[in-house]
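What you are looking at is a predicted structure, and each value in this text was computed from that prediction instead of being measured. Order of listing sets the numbers, starting from 1, for every ligand and every atom in it.
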Amino acid sequence: MILFLTYHRVCADAKFAQDREFYAVSRSTLAQHLRDLIAAGMSPLDLSTLSTSADQTSRRCYLSFDDGTQDHCESVLPLLQEFNLRAVFFVPTAKLDQPGRLTRSQLRELADAGQTIGCHSHEHKRMDTMSAGEIRRQFDTSQKILRQETGAAPWIFAPPGGFINSAVCAAALDSGLRVIRTMRWGFNRQPDLTALETVPLNRHTTDRQFQKILAGRQSRFLYLGKQAAKALVPARAYERLRALAFRAARTN
Ligand SMILES: [Zn+2]
């Protein structure tokens, strides 16, 4: 099993309540997840071990942070350093130096700290509907900028929004990328390095769900179904529905 966890923005605790982004988690939640992973003997590994290890029997964990937001340098990097951990940061290069995004110097800081920088296209647009020429342009431009800024060619790719088809996959491999992390939900029980599954965390993920994810026991449908319900139904109505369901289960 390869547990590939995907995070997006990591908010300062004081700002988390106001943040509306579904995929945002608070800094203290991320810190707790890291402690839980280490306690469970699944300390996240350096990404370089991903492409070399053929061992499919052990339980391994990798961390990814998507979309190149500023907090990845300001909050996530210090936390990773505190725990002496490595992750991959998937950075859409057209967004560099935009408000709220990593600056070029922050990108270099992440790379210099030994973190892996992954290709996430140039513009972060859906790629499976692009022409062959446009797909190539997205890869060429983003890889050129990442090489310029970090001094290293990226070798791992995550398609923006998780949208991928055989043309995007072939173009990625053609451009020199070797590993692809999709947004397909799963635990990589039979890992395919060109189509790795992931478990994305979001603001509604509970401690209990995280423990189940760690154990590889979380059901995708239960997890996503409950999260969707929480995102769609106002919080108080959701709690009322839950209380009703709980009472019904007790009386039956
Ligand atoms: Zn993205």
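Considering R181, H72, R9 as possible partners of D66, the one that fulfils the side chain to side chain donor-acceptor pair (under 3.5 Å) test is R181.
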### Task
List the steps, then state whether salt bridge (charged side-chain N to carboxylate O under 4.0 Å, His left out) holds for K212 with D207.
CA-CA 9 Å; K212 281 192 178 176; D207 293 348; over 6 Å; no

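A side-chain donor-acceptor contact under 3.5 Å links R203 to the backbone of E21. Judged by distance alone, with hydrogens and angles left aside, the side-chain atoms of Q138 form a donor-acceptor pair with the main-chain N or O of E123 at under 3.5 Å. Judged by distance alone, the side chain of R86 and the main-chain N or O of G114 form a donor-acceptor pair under 3.5 Å.
In this structure, V199 is a member of the same hydrophobic cluster as F89, with clusters built from ILVMFWY side-chain heavy atoms closer than 4.5 Å.
For the Zn ion (ligand 1), protein N, O or S atoms under 2.8 Å: 3 in total.
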